[in-house]
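In what follows, a single structure is set out as structure tokens and then discussed.
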Amino acid sequence: MTAELLIEQFLNGLQFGFMLFLMSAGLTLIFGVMGLINLAHGSLYMIGAFSAAATFAFFNSFWLSLLASFSCAAIVGIVVEKTIIRKLYNRDHLDQVLVTFALILFFSELVRWIFGAFPLYLDVPELLNGSIEVFSGIYYSKYRLFIIFVGLIIAVFLFFLIGKTNLGIQIRAGQHDREMISALGVDISKLYTLLFGIGAALAGLAGALIGTIQSVEVGMGEPILILAFVIIVIGGIGSIKGAFIASLLVGLVDTLGRFLIPWVLQTVTNPSDAMSVGSAIGSMLIYILMAIILILKPTGLYGKQLS
Amino acid sequence: MNKILKIVNLKKNFGAITASNDINFCLETGEIHALIGPNGAGKSTLIKQIMGEIKQDSGEIILNGINISNFKTEDRIHLGFARSFQITDVILDFTIFQNVLLAKIGKEKTFYNFYSSLDSIEFSFEEIKSILIKIDLWDKKETAASLLSHGERRQLEIGIALALDPKLILLDEPMAGLSLDKIEKMKVIFNQIKNDVPILLIEHNMDVVFSIADRISVLVNGKIIASGSSSEIKSNLDVRKAYLGTA
Amino acid sequence: MISEKNISYISLISIFFIAIFSEYFNEPYLITLLSRIIIFSIAAIGLNLVLGFGNLISFGHAAFFGLGGYVSGILAIHAFNSELLISWPFLFNGSNNSLIIWLFTIFFCSLLALLVGVFSLRTSGVYFIMITLAFAQMLYYFAISWPSYGGEDGFSIYVRSTFFGINTMKGINFFFICFFWLLIILFITSKIVNSPFGLALRATRFNLTRVRSVGINPFRIQLLAFVLSGAITGIAGSLYVDLNRFVSPSLLSWQMSGEFIVFILIGGLGRIYGPLIGAAFFVAFEQFFGSYTEHWQIFLGIIIISTVLFAKGGIIGFMLKYQKNE
């Protein structure tokens with residue numbers, strides 16, 4: 001194994017972590033402020049990716065398809081919030097799980113109906129094609145660096161939004177006391193719709209960005225949704241800071257684990273066993289991480305302590 | 001008369017404030033013993049020490065001859081302390097019968113029994129019936145607790161306490177928020193219960209205290225300044241002075 | 001007179017007789033469907049014990065379903081190939097005997113449920129939902145990346161396990177075995193729910209402080225319920241693998257866990273027979289709409305959303321209410 005490979009895997013982990021943050025930021029805000037478990041967040045990710053792919057097929061422009069991804073996801077998100085989701089805010093977790101589970105079935109099948117079962121692909125634009133020298137002698141994909149860059153910008157934007165703006169004050173107030181913000185004269189239903197829309201837009205953007213590396217297909221949202229849930233649970237539900245740290249942690253642990261564990265095992269057993277055992281353990285690693293963190297801190301790293 | 005609970009030379013200071021100043025006190029079988037005193041006299045500190053929620057600086061708490069001064073709250077409950085909280089805390093989705101039955105199951109430790117039908121377990125029916133009759137809720141035994149009035153929930157609380165087969169019951173302002181006729185009803189219930197289980201009553205309503213307490217202890221500034229029957233307390237000059245502000 | 005009891009008995013009896021008639025009119029496909037309904041309902045009955053009666057929203061019961069399936073499949077495939085399964089402390093070739101397979105299934109699923117329960121029950125609310133999901137995902141990814149037993153593709157077991165010399169490859173005979181299991185499980189759960197333990201379990205869903213204050217440790221009650229629940233769902237997994245003669249990681253998938261919750265909800269939450277009605281509705285719905293369009297899940301989604309938003313109480317709840325209004 002070479003240092004180049006390790007650095008490349010590290011950057012891959014970082015890139016994955018930033019994408020996970022786009023997913024989990026919306027999820028954790030929606031849970032923190034509205035108290036809603038939204039399983040359909042993965043569907044918004046998928047919708048973003050498909051909108052991008054469709055736009056790309058028509059206009060052949062990557063930038064236009066990025067624009068399409070988050071705007072379409074935001075529109076779908078807002079429509080769903082206004083028609084269905086808002087009826088769930090005062091329901092228990094079970095109802096929320098069921099309805100948003102049903103939304104996944106609905107959207108997945110609808111998208112399969114419209115686009116068919118075959119995966120679609122997005123092309124990286126000319127500007128971001130190829131690699132760039134990040135350290136002396138070490139090259140890394142421009143596109144993946146771009147993803148890290150986008151993730152970083154959005155993280156800064158979110159921290160600014162929550163920490164410094166009027167909207168942020170409302171969001172933070174809403175996390176502590178829902179009665180309070182209505183007493184302050186804030187239109188809660190508008191705030192909720194807006195927040196859900198922002199979450200949806202971020203998920204849609206992540207879908208398009210990841211869809212370019214992988215393929216765009218039905219069911220792409222669920223694996224990443226479950227990772228996002230792992231993240232918000234590790235980070236502490238409702239905490240953007242927790243989501244950020246846990247995203248990077250999960251991105252790195254998952255990527256490096258899958259890469260390093262088989263390699264470490266090779267030193268003690270034959271390569272094929274090391275490969276199979278190693279990849280089995282590597283794929284379980286983040287769930288083991290989550291279980292350990294929850295055992296030590298039942299409400300996650302930055303979660304509010306249960307009374 | 002048998003002394004169920006005995007408190008000997010109990011002392012507790014919070015910094016410079018003396019919350020319990022050499023308290024001696026006992027609860028005997030068959031009695032309702034009321035503990036009264038103006039706000040800030042140290043009643044709740046005393047109760048917390050009795051329940052083991054805070055620890056005394058010195059002195060002893062003795063239950064049926066056992067020194068429980070250093071016991072944890074759970075162990076005290078186990079030995080037979082039952083307490084009815086000011087905030088009613090019954091299971092609203094259960095019927096009255098089920099609420100009492102649950103307590104009985106806890107007491108009899110049959111909660112790992114998953115093969116017997118609830119209707120057929122030996123201890124349940126007759127014992128629960130007698131408790132429900134005592135608290136005057138037998139007619140409503142199948143009513144969900146959520147449908148009960150405030151006063152009826154209080155009654156149920158006491159029923160749950162009784163099902164735990166306690167050595168003594170500690171009632172913390174049981175009459176708060178009750179209407180006059182409900183208070184009368186509760187008085188009847190307490191007078192019935194006290195023959196089985198002595199009651200330590202903390203209550204602000206002086207009419208209630210003077211009409212049902214067999215003995216009254218008056219706590220002022222962490223010290224018991226008088227102890228005796230209603231008439232003795234009523235005529236006690238110290239009490240009038242400290243409590244009513246007039247001599 | 002519509003009552004929960006009558007609805008339940010009628011549904012049991014009709015499933016039984018539809019199977020008999022299907023055999024008579026030579027409709028093996030229908031018999032397979034009925035067996036599937038029964039197996040799914042057993043799985044959901046297991047989940048209902050903790051979810052419906054203890055309000056513990058486990059989103060990872062596919063773990064027990066899948067483990068039951070894998071345990072059975074692995075025992076059977078080794079027996080079929082006469083391949084050594086373990087060599088220490090004794091030689092063991094797996095088994096083709098249903099009784100042995102079920103015993104192993106119950107043992108391992110209880111063990112897993114104990115482990116998952118000990119960790120998960122420390123948390124509550126949404127954390128509980130997520131940690132149970134995480135455990136199931138752990139097993140799912142393990143099954144996918146572990147190549148010995150087919151990895152992502154799963155493996156076939158060719159023949160069903162044997163049960164006292166009955167020809168289990170004949171659909172109706174296997175149906176009877178499933179039906180018999182359903183009766184046993186229904187009997188056990190109704191016993192549990194109406195026992196002192198059941199009352200304590202139901203109490204934990206409302207008010208933990210009160211449960212503690214009458215001297216009951218809610219954690220132990222919930223843990224025991226979780227173990228029973230895992231074992232029951234495991235049995236369903238074992239039967240399901242036998243029915244299809246095929247084991248795959250999809251048994252462990254989170255969609256499976258979600259579907260179990262859906263069965264419970266459609267039938268009626270916290271009702272002993274709810275999962276049976278729910279599973280029957282689900283399979284019938286799939287067959288009916290599936291014959292018109294492959295996109296039947298769109299309609300399933302709409303039905304679930306409407307049930308939750310407008311018809312809480314599921315089918316049984318709806319029927320009981322309908323009668324009251326008349």
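Sequence lines set the chain letters: A, B, ... in the order given, protein chains first and strands last, and positions in each chain run from 1. This is a predicted model, so every value here is computed, not measured.
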### Query
For C/I131, is it the side chain, the backbone, both, or neither that has a heavy atom closer than 4.5 Å to a heavy atom of chain A?
both
### Task
Assess whether side-chain contact (heavy atoms from CB on, under 4.5 Å) is satisfied between C/L51 and A/L94, documenting all intermediate values.
CA-CA 9 Å; C/L51 195 155; A/L94 182 63; 3.7 Å; yes
### Summary
Value for NE2 (A/H93) from CZ (C/F128), rounded to nearest 0.5 Å, stands at 12.0 Å
## Note on the structure
Applying a strict 4.5 Å limit to non-hydrogen atoms, the region of C/L133 in contact with chain A is side chain
### Message
Would the distance check show the side chain of C/R122 and the main-chain N or O of A/L296 forming a donor-acceptor pair, the cut-off being under 3.5 Å?
### Response
no
### Task
Look only at the side chain of C/Y127 and the backbone of A/I237, and say whether a donor-acceptor pair between them is shorter than 3.5 Å.
yes
## Note on the structure
Heaviest contributor of heavy-atom pairs below 4.5 Å to chain A, chosen from C/G258, C/S306, C/G125, is C/G258
### Query
What's the verdict on side-chain contact (heavy atoms from CB on, under 4.5 Å) for A/L39 and C/F59, showing C-alpha distance, side-chain angles and the deciding distance?
CA-CA 12 Å; A/L39 296 182; C/F59 202 6; 3.7 Å; yes
### Query
How long is the gap from CE on A/M284 to CZ on C/F142, to the nearest 0.5 Å?
6.0 Å
### Query
Is it the backbone or the side chain of C/I144 that comes under 4.5 Å from a heavy atom of chain A, or both, or neither?
neither
### Task
With A/L98 as reference, evaluate C/I57, C/I264, C/I305, C/I261 under the side-chain contact (heavy atoms from CB on, under 4.5 Å) test and give the passing residue.
C/I261
### Query
Of the options A/F107, A/W113, A/F106, which is the one that meets C/H295 in a ring-ring contact (aromatic ring centres under 6.0 Å, His included)?
A/W113
### Task
Please name the pair of heavy atoms, one in A/E109 and one in C/Q297, separated by the smallest distance, quoted to 0.1 Å.
OE1-OE1, 3.5 Å
### Message
Classify the ring geometry of C/W254 against A/F101: parallel below 30°, tilted from 30° to 60°, perpendicular beyond 60°.
### Response
perpendicular
### Query
Does the A/R91 side chain pair with the main chain of C/V308, one donor and one acceptor, at a distance under 3.5 Å?
yes
### Summary
Applying a strict 4.5 Å limit to non-hydrogen atoms, the region of A/I232 in contact with chain C is neither
### Task
Determine the option with the most heavy-atom pairs under 4.5 angstrom with chain A, choosing from C/F119, C/F135, C/F299, C/W296.
C/F119
### Worked verdict on A/V99 versus C/I304 for side-chain contact (heavy atoms from CB on, under 4.5 Å)
CA-CA 7 Å; A/V99 169; C/I304 296 171; 5.9 Å; no
### Message
Ignoring hydrogens, what is the shortest heavy-atom contact between C/M130 and A/I37? Give both atom names and the distance.
### Response
CE-CG2, 4.0 Å
### Query
If every non-hydrogen atom of A/A280 is compared with every non-hydrogen atom of C/S145, which pair is closest and at what distance?
CA-OG, 3.1 Å
### Message
Which one wins on heavy-atom pair count under 4.5 Å against chain C: A/V230, A/L105, A/L110?
### Response
A/L105
### Summary
Honestly, the part of C/L269 sitting under 4.5 Å from a heavy atom of chain A is side chain
### Query
Do you know which two heavy atoms are closest between C/M138 and A/A291, and how far apart they sit?
CE-CB, 4.5 Å
### Task
Measure the OG-OH distance between A/S283 and C/Y140 for me, rounded to the nearest 0.5 Å.
10.5 Å
### Task
Specify the closest pair of heavy atoms between C/T123 and A/P298, including all atoms of both residues, with the distance to one decimal.
CG2-O, 4.0 Å
